[in-house]
Amino acid sequence: MPAVAWVTVIIGALIIVAAAVGLLRVVLHLRAVHATLVQVAGGVRVIAEQTSTVPTVLPSVNSTLKPVSDFCESI
């Protein structure tokens, strides 16, 4: 093989290696972003549970206060 062919093969291999390293860095960054997003989503779920709306608790409160309501209506 002539020297020009070897130079072309070496330059092509260097380009492929550089692209592979770049893609590997992108994959590692995306994995870090994914881990962060999983933590953020978990935090948002916890906040949503802790700040749930009144209608989820309202039936038990109403049933507890039913005797008071009945008494007030009887007056």
Side-chain angles (χ1 to χ4, degrees):
M1 246 169 107
V4 175
W6 282 110
V7 171
T8 303
V9 168
I10 291 172
I11 290 173
L14 289 175
I15 290 172
I16 291 171
V17 167
V21 169
L23 288 174
L24 182 62
R25 290 186 66 197
V26 168
V27 167
L28 294 176
H29 283 251
L30 287 174
R31 288 182 70 194
V33 168
H34 178 265
T36 302
L37 287 175
V38 167
Q39 290 176 348
V40 168
V44 168
R45 269 190 231 106
V46 168
I47 291 171
E49 289 172 6
Q50 290 179 351
T51 59
S52 64
T53 57
V54 173
T56 59
V57 182
L58 194 59
S60 67
V61 172
N62 282 340
S63 66
T64 304
L65 294 176
K66 181 72 172 144
V68 175
S69 175
D70 292 341
F71 175 72
C72 290
E73 288 176 2
S74 68
I75 296 179

- Not counting sequence neighbours, list each pair that qualifies as a side-chain hydrogen bond (donor to acceptor under 3.5 Å, both in side chains) and has a residue in residues 66-75. Lys66-Asp70
- Item | From Val7, Val9, Thr8, residue fulfilling side-chain contact (heavy atoms from CB on, under 4.5 Å) relative to Ile11 | Val7
- Rounded distance (nearest 0.5 Å) linking atom CD1 of Ile47 with atom CZ of Arg45: 12.0 Å
- Hydrophobic side-chain clustering at under 4.5 Å (ILVMFWY, transitive links): who's grouped with Leu30? Put none if nobody. Val26
